Amino acid sequence: MYTKIINLINDLKLSTKLFVSFGCVVFIPVLIVGVFLTSELRQIVLNNALEQTSANVDRVKKRAGELLNIHYEISYRLSSDRRLEAAANYPYESVYDVVQAYWKYPDFRDYIRLYKEVSSVRLYIDNPTILDNWEFLQPDPSIKEENWYKTALASNGLISWNYIEDSRYQQYYLSLIRKIDFVNERTFGVLVINVNSDMLNSILNQELFETMIVDENNNIVASNRTDRLGKTLDDINFKQASISNKQGTYDVTVNGKQSKMLIDDWNPGSSLNSLRIISIFTVDSIVKEANQIILVAVTVIISALLMAILLIYQLSRLITGRMLRLSKHITKVASGNLDATLVIDGKDEIGQLARQFNHMVRNISDLVVEVQESNHQKSELELRQNEIKFKMMASQINPHFLFNALETIRMKAHLKGETEIAQVVRLLGKMMRKNLEIGNGKIELQSEMETVRCYLIIQNFRYDDRLTFELNVDPDANFLRIPPLIIQPLVENSVIHGLENRIQGGIVRVDVQLEEDWVTVKVTDNGEGMSEDSIIELYKALENREDEGNHRIGLRNVHSRLQLTYGPDFGLTIISKIGLGTQVSFVIPLRSESVV
């Protein structure tokens, strides 16, 4: 399935790929992000509105609570007022006595005068001798049948808040209702304190959203909309049954508009019943500004997408045109025309590809010459290897006879107790056999070091222990394959030219160290050393391949084979000071094949 999709994409034109990529990478993500951000923005605005509404409701509750708390405090004072108990329960004998008693008890009037939050105060009590003066009232049968009156009698002194009519003013008020027990007289009365509706409404008028205070019978007792006053929730066009909802947030439809409604239950003064604060706002009024922002954003996004489509169209034409030119020139080169040159302006990938194409065409011609030179170097290397082998074979007479003779000498010396001579003869035979077995291929470094060891032991015997040597080889480099006879000639050069004329003991040290991508070989002696001029002449001799004499032939042969095998950057490095000795070194790259 994955392969089919890749093949289908590869078969599409470049312009089609650009448009498909634009749709997948830009258009569809922008559409998804736009829809998501739009819904999130609307939700954030609504959440902020709900948070603000909740804060507004808390503020209304706090301020209205402070207002209603005054009525609660007044009712508490009156419930323990002995003067009120005496005035309300005294058996009056004449109207004059009643009037005199009322004038001596002005507390109801004083509360109304001192607290503008209080609209009126009245007390209902069964006392046939009192006169109704709108402060002390005799409850008639109709009053006794009212639910608020019955509730007050059954509440044992707990307050309740009800929206009831004051017959004096023919107007409904939110009223505190409380039963007062007169313990000494063993009677009771019902206290009613009306709340100033104007002050209660003024608290709600400060709110931006529609806010109402509703009693337990769904009567709207206060509102910041005057057309709501005196109505019930049933009179408002709610399609949802929100009038029965408890505390929380609800989706409602008011006058055909989608709205949010927040309901908060409220028990001011630990009352028997509760009031509800309801705040309503229409969704359209809240998201209106957000909708305008969204509309502007959608317009900008659509315009940007259209401009992007036009830009992609022009860009695809430009790219495909340049690619077609490149394709035509590649066809020319494929037909064998190596003189074709492509001219495409620009520093982008296509321009870079055109320059690389021209560079490739030039390299194809150069590669032919380079291959020819490489083959020539390879032939020269093989020639020099064969020359070494030929010279070594030419310098020996009947090698089998020589080996047998050396073995006979070794056995005679061993039988006569000359173990040191026998050991040297054995090493000499081993060394000569290894040299004769050398071919054109590479050998392991440990095999080369074995030849070096044999040579140094023989020279140590020759110089009567005036020569000492050290072989320090990294074990990880033992199996590295190198050209044969590239270390032994350097050791031989150190012994012959550095230590030959030295009376005191000489030291030859061979160090082979493995370092990341290189193997470093150093041959060091403490011989006579060379001056700077001698080193310069020696370097010239190493680079002069036309010199066929015997001067430094061993060093020149090693130097030449290193360069032929690993490249012109590789060869011998010579460091020397007169009287301090000489160090000859070279490096071998850790790769499986040479440069030729």
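Heavy atoms only: backbone and side chains are in, while hydrogens, waters and symmetry mates are out. These numbers were taken from a predicted model, which means no experiment stands behind them. If you read the sequence from its start, that first residue is 1, and numbering goes on from there.
Rounding to the nearest 0.5 angstrom, the gap separating the OG atom in S119 from the CG atom in D166 is 7.0 Å. The distance from the CD1 atom of I203 to the CG atom of L200 is 5.5 Å, given to the nearest 0.5 Å. We find the CD1-CD distance between I164 and E146 to be 8.0 Å, quoted to the nearest 0.5 Å. To the nearest 0.5 Å, atom CD1 of residue I278 and atom CZ of residue R228 are 10.5 Å apart. Going from atom OG of S279 over to atom CD1 of I213 covers 11.5 Å, rounded to the nearest 0.5 Å. The structure places CD1 of I177 at 11.5 Å from OG of S271, a figure rounded to the nearest 0.5 Å.
Side-chain contact between H71 and E117: present, with at least one pair of heavy atoms (C-beta onward) separated by less than 4.5 Å. Between V190 and I143 the shortest side-chain heavy-atom distance does not fall below 4.5 Å. You'll find the side chain of V118 reaches within 4.5 Å of the side chain of I193, heavy atoms only. Within the 4.5 Å cutoff, no side-chain heavy atoms of I280 are placed close to those of T53. Residues I125 and F182 meet the side-chain proximity criterion, which asks for heavy atoms closer than 4.5 Å. Looking only at side-chain heavy atoms (C-beta outward), V57 and S54 stay at 4.5 Å or farther from each other. Contact check for M261 versus T249: no side-chain heavy atoms found under the 4.5 Å cut-off. With contacts defined as side-chain heavy-atom distances shorter than 4.5 Å, the pair D181/K179 qualifies.
Residues passing the side-chain contact (heavy atoms from CB on, under 4.5 Å) test with L208, sequence neighbours excluded: Q52. Checked against side-chain contact (heavy atoms from CB on, under 4.5 Å), D198 has the following partners two or more places apart in sequence or in another chain: N196. Scored by the ring-ring contact (aromatic ring centres under 6.0 Å, His included) test, Y149 finds no partners at all (sequence neighbours excluded). Contacts of S274 classified as side-chain contact (heavy atoms from CB on, under 4.5 Å), with partners at least two apart in sequence or in another chain: N267. For the ring-ring contact (aromatic ring centres under 6.0 Å, His included) test, residues two or more places apart in sequence or in another chain that qualify with F136 are Y102, F108. Applying the side-chain contact (heavy atoms from CB on, under 4.5 Å) rule to S94 yields the partners Y96, D97; only residues at least two apart in sequence or on another chain are considered. Applying the side chain to side chain donor-acceptor pair (under 3.5 Å) test to N127 and every residue at least two apart in sequence or in another chain returns T129. Remark: Y76 pairs with no residue by the ring-ring contact (aromatic ring centres under 6.0 Å, His included) rule, at least two apart or across chains. For Y172, the ring-ring contact (aromatic ring centres under 6.0 Å, His included) partners are Y163, not counting sequence neighbours.
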Stepwise side chain to side chain contact (heavy atoms under 4.5 Å, CB included) test for L590 and L514: CA-CA 9 Å; L590 293 180; L514 186 63; 3.6 Å; yes

Test log, rule side-chain hydrogen bond (donor to acceptor under 3.5 Å, both in side chains), inputs N205 and N224: CA-CA 5 Å; N205 288 335; N224 57 357; 5.7 Å; no

Pair V60-Q206, side chain to side chain contact (heavy atoms under 4.5 Å, CB included): steps then yes or no: CA-CA 9 Å; V60 168; Q206 300 178 16; over 6 Å; no

Worked check of side chain to side chain contact (heavy atoms under 4.5 Å, CB included) between L123 and L137: CA-CA 6 Å; L123 178 67; L137 301 171; over 6 Å; no

Residue pair N201, L229: steps toward the side chain to side chain contact (heavy atoms under 4.5 Å, CB included) verdict: CA-CA 9 Å; N201 290 327; L229 295 175; 3.6 Å; yes

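Nearest heavy-atom pair across A88 and I130 is O-CG2, 4.2 Å. Minimum interatomic distance between W266 and A64 (heavy atoms only, all atoms of both residues): CH2-CB, 3.4 Å. Of all the heavy atoms in E515 and T520, the pair that sits closest is OE1-OG1, 3.8 Å. Across all non-hydrogen atoms, the minimal contact from K61 to D265 is NZ-O, 3.9 Å. A pairwise comparison of heavy atoms in P106 and R83 identifies CD-NH2, 4.1 Å as the closest pair. Heavy atoms only, all atoms of each residue included: M212 and S223 are closest at CG-OG, 3.7 Å.
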Less than 3.5 Å apart, which donor and acceptor atoms pair up between the side chains of residues 296-303 and the rest of the protein, not counting sequence neighbours?
residue : atom : partner : partner atom : Å
T299    : OG1  : L295    : O            : 2.8
S303    : OG   : T299    : O            : 2.9

Only distances under 3.5 Å count here; give the side-chain donor-acceptor pairs of residues 151-161 to other protein atoms, sequence neighbours excluded, each with its distance to 0.1 Å.
residue : atom : partner : partner atom : Å
T151    : OG1  : N147    : O            : 2.8
S155    : OG   : A152    : O            : 2.8
S155    : OG   : L158    : O            : 3.2
S160    : OG   : N162    : OD1          : 3.3
W161    : NE1  : P268    : O            : 3.2

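Remark: Y92 OH is packed, more than 12 non-hydrogen atoms of other residues, nucleotides or ligands lying under 6.0 Å away. No more than 12 heavy atoms of other residues, nucleotides or ligands lie within 6.0 Å of CD in E93, so this atom counts as exposed by the packing criterion.
Stacking of R178 on the aromatic ring of W148 is not recorded, the 6.0 Å distance cut-off and the 45° axial limit not both being met. Taking the ring axis of F281 as reference, the NZ or CZ atom of K260 does not stay both within 45° of it and closer than 6.0 Å to the ring centre.
With N69 contributing its side chain and G65 its backbone, the two residues share no donor-acceptor pair below 3.5 Å. Listed for the S142 side chain is no donor-acceptor partner under 3.5 Å among the backbone atoms of D140. With hydrogens and angles ignored, the 3.5 Å screen pairs a side-chain donor or acceptor of D474 with a backbone N or O of D476. Here the side chain of N89 pairs no donor or acceptor atom with the backbone of T187 at under 3.5 angstrom.
Between the side chains of N218 and T232, no donor N or O sits under 3.5 Å from an acceptor N or O. Residues Y124 and R122 bring a donor and an acceptor atom of their side chains to less than 3.5 Å of each other.
Using a 4.0 Å cut-off between charged side-chain N and carboxylate O, D126 and K144 make a salt bridge. Using a cut-off of 4.0 Å between Lys/Arg side-chain N and Asp/Glu carboxylate O, R63 and E66 are scored as not salt-bridged. Comment: R109 does not engage D107 in a salt bridge, judged by the lack of any side-chain N to carboxylate O separation of less than 4.0 angstrom.
Under the salt bridge (Lys or Arg N to Asp or Glu O under 4.0 Å) criterion, the residue pairs touching residues 214-226 are E210-R225, R225-D227, with sequence neighbours excluded.
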